[in-house]
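Read through the structure below, which is laid out as structure tokens, and then see the notes.
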Amino acid sequence: METDKKDLSGLRSRLDDIDAQIVRLYEERMDICAEVAEVKIATGKRVLDREREVSKLTTLKAQTHNAFNSKGVEELFEQIMSMSRKLQYARLAESGASGRLPFIEVERLDTEQARVVFQGAEGAYSQLAMEKYFGDRVDCFHVDTFRDAFNALDEGSADYAVLPIENSTAGTVSQVFDLLVEFEAYIVGEQVIRVEHCLMGLPESDISRITTVYSHPQSLLQSARYLNEHPGWKQIGMQNNAFAAARVRDDADPAQAAIASERAADIYGLKVFEKGVNQAEDNQTRFIIVSNQKIFLRDSGHVSICLEVPHASGSLYHMLSHFIYNDLNMTKIESRPIEDRDWEYRFFIEFEGNLSEPAVRNAIRGLREEARMLRVIGCF
């Protein structure tokens, strides 16, 4: 046993010597990479040279003596090359050669003369979010669909749109993510609203007469526990909770009910049968404030981007490493399938920071060079 300990100690000592050499050679390599960055700054060449990297990896793998080492060398040098690129991106940023992001920093949003659009009808949670953000005297109008809201921004009939992006229990509103890519629209703010769903119907009706319930599909999901207690009720999804309340009023059928906000009941003259039918007491919906202008508030603390990665092993991992290298805290990531490209996905990422910060600009520069597509969709 004592002999084994001595052998292990000797092996570890040899490993320590090799590791010290690796560290010395790594630093020497990075010094040369810094010189490469200076050349690229002077000549305007791109940092990423994918063809050279692939060729280099092929050569290095061929110098190994078995398949295991070949794979290990490939992973090792992928990381070394990644760190080299990040160093070069940082040097470009320090020299001012990384370029400026086409967003204008502002002290505050111009809301006094603004016209705001929200999706739904009067009494929708989107309206509550809008009034909390802009005030109850805001010049506003509503539209039927999320696409209609984006069209209003696109054609200039609205300066801002208020749209739901995620709920704390039901998850994200995927259609809004897709539309943020399709349209030239940018997130400039956010507002969180506490959600309390109410079951409501005609004043002359009561729960015992209900056979059909209308609401947005997410609201039905959020109220699933309550609705499961009434298995005989038919559930019908609507574009918006306020639309559901309006439908019950307009149909004037005592067998119909809606799940919506208490304010919607007041607006459409309905009677609240039960409050808080959503199972989560701390149910919140986050709304985004969207503009057609590339602007951001000076005190903004979050950045939202969208990117597509090469359809290859490790692509997303390498993209996310830019956040680690620049000490940026990623707070959210969502994936959406890319139309007409089977099993390929577009990623929406939010992280802490401001577009004016060097670390943020450096990360975005690296991501833009290495991603198939990158778009900054807001700073808020």
Side-chain angles (χ1 to χ4, degrees), residues 100-119 125-135 138 140 146 149-150 152-154 158-168 171-195 284-307 322-323 326-334 336 346-365 367-368 374-380:
R100 298 178 61 186
L101 293 170
F103 283 78
I104 299 173
E105 182 181 287
V106 297
E107 287 283 351
R108 62 182 183 84
L109 297 180
D110 182 11
T111 59
E112 293 181 3
Q113 305 297 323
R115 195 151 194 247
V116 183
V117 61
F118 65 93
Q119 183 270 338
Y125 285 109
S126 295
Q127 183 182 24
L128 300 179
M130 176 193 67
E131 291 178 352
K132 190 168 183 180
Y133 191 89
F134 290 97
V138 60
C140 65
F146 296 137
F150 278 92
L153 285 177
D154 197 47
D159 300 296
Y160 302 101
V162 179
L163 301 159
I165 195 71
E166 67 175 328
N167 178 268
S168 57
T172 59
V173 185
S174 56
Q175 187 183 359
V176 173
F177 278 109
D178 294 339
L179 290 167
L180 281 168
V181 176
E182 181 179 341
F183 286 84
E184 288 289 327
Y186 308 94
I187 304 172
V188 295
E190 67 176 349
Q191 182 65 60
V192 177
I193 292 290
R194 184 177 179 275
V195 173
Q284 298 185 359
T285 297
R286 183 165 71 109
F287 292 83
I288 51 174
I289 315 303
V290 180
S291 169
N292 60 5
Q293 302 295 313
K294 288 186 174 181
I295 58 175
F296 68 98
L297 291 169
R298 179 165 296 172
D299 60 355
S300 295
H302 289 84
V303 178
S304 180
I305 64 173
C306 169
L307 58 83
H322 287 279
F323 299 104
N326 288 286
D327 293 322
L328 298 172
N329 181 35
M330 189 173 68
T331 56
K332 185 177 182 63
I333 181 169
E334 290 286 336
R336 294 288 300 146
R346 180 178 292 126
F347 294 92
F348 293 86
I349 298 172
E350 286 184 11
F351 58 95
E352 294 177 352
N354 187 288
L355 291 178
S356 64
E357 296 171 2
V360 171
R361 294 199 301 270
N362 191 36
I364 290 175
R365 171 63 184 261
L367 289 165
R368 178 166 283 135
L374 180 135
R375 183 177 164 203
V376 177
I377 56 177
C379 180
F380 54 95

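Values below: every heavy atom of this structure, side chains too, minus hydrogens, waters and symmetry copies.
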### Message
Run the ring pair (Phe, Tyr, Trp, His ring centres under 6.0 Å) test on F134 and Y160 for me, step by step, so that the C-alpha distance in whole Å, both residues' side-chain angles and the decisive distance to 0.1 Å come before the verdict.
### Response
CA-CA 10 Å; F134 290 97; Y160 302 101; 5.6 Å; yes
Identify the two heavy atoms, one from [X] and one from [Y], that lie closest to each other, and give their separation to 0.1 Å.
X    : Y    : answer
M330 : F351 : CA-CB, 3.8 Å
A185 : L153 : CB-CD1, 4.4 Å
V188 : S291 : CG1-CB, 4.0 Å
L297 : R108 : CD2-CA, 3.3 Å
S300 : N354 : O-ND2, 2.9 Å
F348 : F177 : CZ-O, 3.2 Å

### Aromatic contact, F103 with Y186 (centres under 6.0 Å)
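Between F103 and Y186, the centre distance is under 6.0 Å.
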### Query
Under 3.5 Å, is there a donor-acceptor pair between the side chain of R361 and the main chain of S356?
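Pair found, side chain donor or acceptor close to backbone of S356.
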### Backbone N/O of F150 and side chain of D154: donor-acceptor pair under 3.5 Å
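No, because the side chain of D154 does not come within donor-acceptor range (under 3.5 Å) of the backbone of F150.
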### Query
Is R336 salt-bridged to E334, cutoff N-O under 4.0 Å?
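No, no charged N to carboxylate O under 4.0 Å.
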Say you draw a straight line from [atom1] of [X] to [atom2] of [Y]; how long is it, rounded to the nearest 0.5 Å?
X    : Y    : atom1 : atom2 : answer
D327 : N362 : CG    : CG    : 11.0 Å
K294 : I377 : NZ    : CD1   : 12.5 Å
I104 : I295 : CD1   : CD1   : 8.0 Å
N167 : T172 : CG    : OG1   : 10.0 Å

Side-chain heavy-atom pair [X], [Y] within 4.5 angstrom cut-off:
X    : Y    : result
L307 : I305 : yes
M130 : C140 : yes
V360 : N326 : no

### Summary
Applying salt bridge (Lys or Arg N to Asp or Glu O under 4.0 Å) to D159 and not counting sequence neighbours gives none
### Message
Would you say CD of E182 has more than 12 non-hydrogen atoms from neighbouring residues, nucleotides or ligands within 6.0 angstrom?
### Response
yes
### Query
Run the salt bridge (charged side-chain N to carboxylate O under 4.0 Å, His left out) check on R286 and E350 step by step: do they pass?
CA-CA 14 Å; R286 183 165 71 109; E350 286 184 11; 3.0 Å; yes
